[in-house]
Amino acid sequence: MATLKAVRGTRDLLPPETALWNRIEQTARQVFARYNFGEIRTPIFEDTALFARGVGEETDIVSKEMYTWEDRARAQSEKAQSLTLRPENTAGVVRAYIEHQLGEGGKLQKLYYIGPQFRRERPQKGRYRQFWQIGAEAIGPPSSGSESPLRDAEVLEMLATLLDELSIAGWRLEINSVGSAADRARYNEVLRAALEPVAPKMCADCRRRAVTNPLRVLDCKVPEDQPIIETLPKIGNSLDQESKEHFAAVLAALDAAGVPYHRNARLVRGLDYYTRTTFEFTHGGLGAQNALLGGGRYDGLSEALGGPRAPGIGFAMGLDRLVLTLEAQQRALPETIYIDTPCDAYIAPLGEAQNAPALALARELRKSGLRVEIGDGTFRLKKSLEIANKLAWRIVILGEDELKSGIVTVKNFLTGLQAKVSREELSAYLKGPVGRNPA
RNA sequence: GCGGCUAUAGUUCAGCGGCAGAACGCCUGACUGUGGCUCAGGAUGUCGUGGGUUCGAUCCCCACUAGCCGCCCCA
């Protein structure tokens, strides 16, 4: 019989690696809380129309990467409906913002999420079909200050802080402004016109993009094309006065906060909803998938989804890629490779008669906050020691004598020394330092 | 979706057209309540799946599947 395996592009996360995932998530939650972001959890699947309208019908994500299915009507009263596993989370958050009329209070909504997303791409390093994103959105009616360049700068500064606190070394912030929707449309035409005479001299991909998606030409990495790309009009020149001022104010705020950035006039993003500020934090250690996170402003998204005017800015970071980056960093520093940290104690019952008392003892110690592992009375002491040595700092030996006297034997694997400890003192004793503990 | 590389023990990997290998890990060692280090033994495989060539295929050929790397796209 063929054995069942995790489907292509999905994977199991196992300990001890999950400890790293937890640490990252915990750090993110703490940082978000300091910036007054609250957690939102949206459904993992939504009406297909949400992504078509929000992310954009023409994007690769919507046109060929979504997991979509027809949810059949099972009763007369039900309607069949096209559903889709979320390929990103911003559309869902904005949908929830509209649905619950979160703008009515007049205040800025600051929401973060952590969860799996789904895209049917070819799996690769740092790219999975089920992948995890941590993201945040600051959205609200214009009167709440949601449109202020200060929001952009605050979010970017928060990200710099978060990456630093995660001890991601060597991140790079690239920032650009793609202007308003009208600016973008205008630039697209300018670019298309400028490409027409030079495209035949460029690579095959660029010749195709020049027609289908001119903005993507700016992303081209073929060395021979670079001189040509340099001569193309810059989007900065197509921005209206307001967008220019907004961008300048964002950069000024970043300067004031001391957040280093690189202006990248060629940074374009693949989702239709982005306006004005767009950014990406990259890292060299990720290979082809070098973006740790990306985001930007989406001032028209709420209206595109049928909601009120609600400018916003947000980002999504690839949790899988953060983990990869941190693992690579840790491998470079041998002593910080994460390992299973040993338990505080291993309880070894020396006979089956000691099994039940051992569980009672474990319960007591665990209640006091100790991390405790427990063996089995059928193990010979030698075997118990071998097992315990692998997974705990100390072994608590519970034999007939110990049970009778209420004084257990504790052996410290680090020092090799052994002591007799009364049950009353055991918890405090095990909480004491391991390294220089006399016993 | 396209191209290249890869698939052998729990893990990392050698290997060869003719009995399947190493290292690490695992198990057992005077069966009395003392581990680590060392020593002596031992177990472990549909050689990714399906076809083809051959007297004979883990090895050569084809297809499929999966993984990695790149393209594309993105986080």
Side-chain angles (χ1 to χ4, degrees), chain A residues 1-3 5-11 55 58-66 86-90 114-135 159 203-206 208-209 212-213 215-216 219-222 267-271 274 278-283 286-296 314-325 346 348-351 354 375 377-395 397-402 408-418:
Chain A
M1 192 177 76
T3 52
K5 290 167 46 182
V7 310
R8 183 140 136 107
T10 71
R11 64 208 171 118
V55 177
E58 298 307 313
T59 60
D60 277 23
I61 292 176
V62 172
S63 65
K64 47 191 186 206
E65 294 175 0
M66 295 204 302
R86 64 185 186 199
E88 59 95 57
N89 218 327
T90 300
I114 298 177
Q117 318 291 336
F118 306 85
R119 293 182 199 173
R120 200 181 183 294
E121 299 182 273
R122 177 125 174 201
Q124 214 180 109
K125 184 188 182 74
R127 189 168 84 182
Y128 306 96
R129 291 181 170 184
Q130 173 176 333
F131 60 102
W132 291 71
Q133 285 189 333
I134 300 179
L159 283 167
C203 70
D205 284 330
C206 282
R208 177 175 48 79
R209 295 182 188 119
T212 58
N213 193 352
L215 283 178
R216 283 271 148 234
D219 263 354
C220 179
K221 284 154 201 137
V222 176
L267 178 70
V268 291
R269 304 206 52 77
L271 284 61
Y274 286 117
T278 59
F279 55 85
E280 214 166 76
F281 281 72
T282 59
H283 194 276
L286 283 169
Q289 268 62 50
N290 72 339
L292 277 176
L293 68 94
F315 64 86
M317 51 205 275
L319 190 40
D320 310 73
R321 292 183 187 176
L322 288 177
V323 169
L324 271 173
T325 304
Y346 177 97
L350 287 193
Q354 279 80 51
T378 61
F379 297 169
R380 291 165 51 205
L381 179 59
K382 187 177 162 68
K383 179 171 175 176
S384 289
L385 282 158
E386 278 170 14
I387 296 172
N389 184 42
K390 275 178 213 156
L391 48 79
W393 292 116
R394 291 183 260 229
I395 185 170
I397 296 169
L398 188 64
E400 244 176 279
D401 300 347
E402 283 85 354
V408 294
T409 307
V410 179
K411 179 158 189 169
N412 181 325
F413 288 117
L414 217 57
T415 60
L417 301 173
Q418 204 163 288

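Note that the structure is a prediction, hence the values are computed from the model and not measured. Computed over heavy atoms, backbone and side chain alike; hydrogens, waters and symmetry mates excluded. Lettering of chains follows the sequences in order, A, B, ..., and the numbering in each one begins at 1.
- No side-chain donor-acceptor contact under 3.5 Å links A/Arg129 to the backbone of A/Pro123.
- Rounded to an integer number of Å, the gap from A/Asn389 CG to B/rC37 C1' is 12 Å.
- Atom C1' of B/rG29 sits at a distance of 14 Å from the matching atom of B/rU38, rounded to the whole Å.
- Within the 4.0 angstrom heavy-atom criterion, no nucleotide atom of any strand lies near A/Phe315.
- Put simply, CG on A/Leu391 is 15 Å from P on B/rG36, counting in whole angstrom units.
- The closest donor-acceptor contact from the side chain of A/Arg321 to the backbone of A/Leu292 lies at 3.5 Å or more, if one exists at all.
- For the residue pair A/Glu402 and A/Thr409, a side-chain donor N or O sits within less than 3.5 Å of a side-chain acceptor on the partner.
- Separation of the P atoms belonging to B/rA7 and B/rU58 is 15 Å when rounded to the nearest angstrom.
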Summarise how protein sits on nucleotides 69-75 of chain B as a single string, 5' to 3': B when a protein heavy atom is under 4.0 Å from the base, S for sugar-phosphate-only contact, - for no contact.
SBBBBBB

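- Here the closest heavy-atom approach between residue A/Asn89 and residue A/Gln117 is recorded as ND2-NE2, 3.3 Å.
- B/rA43 and B/rG70: their C1' atoms are spaced 43 Å apart (whole Å).
- At a threshold of 4.0 angstrom between heavy atoms, the contacts of A/Gly351 with the nucleic acid are absent.
- Rounded to whole angstrom, the span from the CG atom of A/Leu385 across to the C1' atom of B/rU34 amounts to 5 Å.
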Take A/Leu293 and A/Phe279, measure what side-chain contact (heavy atoms from CB on, under 4.5 Å) needs, and give me the verdict at the end.
CA-CA 8 Å; A/Leu293 68 94; A/Phe279 55 85; 3.9 Å; yes

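- Judged by atom type and distance alone, A/Lys411 reaches the base of B/rU34 through a side-chain donor-acceptor pair under 3.5 Å.
- For the C1' atom pair drawn from B/rG10 and B/rC72, the interatomic distance equals 37 Å after rounding to whole Å.
- Of the possible polar contacts, none joining the A/Glu280 side chain to the A/Thr282 backbone as a donor-acceptor pair under 3.5 Å is found.
- Within the 4.0 angstrom heavy-atom criterion, no nucleotide atom of any strand lies near A/Ser384.
- As a whole-Å value, the separation of A/Leu381 CG from B/rU32 P is 10 Å.
- Of the possible polar contacts, none joining the A/Asp320 side chain to the A/Gly126 backbone as a donor-acceptor pair under 3.5 Å is found.
- One interatomic measurement links the two molecules: CG of A/Asn412 to C1' of B/rG35, which rounds to 12 Å at whole-angstrom precision.
- When rounded to the nearest whole Å, the span between OH of A/Tyr346 and C1' of B/rG36 equals 16 Å.
- A syn orientation is assigned to B/rC19, its glycosidic angle lying within 90° of 0.
- Residue A/Lys383 has no polar side-chain atom (N or O) positioned under 4.0 Å from OP1 or OP2 of B/rG36.
- Surrounding CD of A/Glu386 are more than 12 heavy atoms belonging to other residues, nucleotides or ligands, all under 6.0 Å away.
- Going from the C1' atom of B/rC19 to that of B/rC24 covers 26 Å, rounded to whole Å.
- For the pair A/Lys390 NZ and B/rG36 P, the computed distance is 10 Å after rounding to whole Å.
- The listed nucleotides are B/rG1, B/rG33, B/rG35; the one nearest the side chain of A/Arg120 is B/rG1.
- At a threshold of 4.0 angstrom between heavy atoms, the contacts of A/Glu402 include nucleobase atoms, whether or not backbone atoms are also involved.
- A/Leu414 places its CG atom 17 Å from the P atom of B/rG35, with the value rounded to the nearest Å.
- Between B/rA20 and B/rU32, the distance separating the two P atoms is 40 Å to the nearest Å.
- Side-chain atoms of A/Lys5 lie closest to B/rA66 of the nucleotides B/rG35, B/rA66, B/rC31.
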Show your reasoning for whether side-chain contact (heavy atoms from CB on, under 4.5 Å) applies to A/Glu400 and A/Leu350.
CA-CA 8 Å; A/Glu400 244 176 279; A/Leu350 287 193; over 6 Å; no

Dot-bracket line, read 5' to 3' along RNA chain B, where crossing pairs take [ ] and | marks a partner on another strand, Watson-Crick or G-U under 3.5 Å
(((((((..((((....[..)))).((((.........)))).....(((((..]....))))))))))))....

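- With both ends at atom C1', the span from B/rC13 to B/rU6 equals 13 Å, rounded to whole Å.
- With P as the reference atom, B/rC60 and B/rA14 are 14 Å apart, rounded to whole Å.
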Run the numbers on A/Arg394 and A/Gln418 for side-chain contact (heavy atoms from CB on, under 4.5 Å), then give the verdict.
CA-CA 9 Å; A/Arg394 291 183 260 229; A/Gln418 204 163 288; over 6 Å; no

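- In this view, A/Gln124 and A/Arg127, A/Ala288, A/Gln289 satisfy the side chain to side chain contact (heavy atoms under 4.5 Å, CB included) rule, not counting sequence neighbours.
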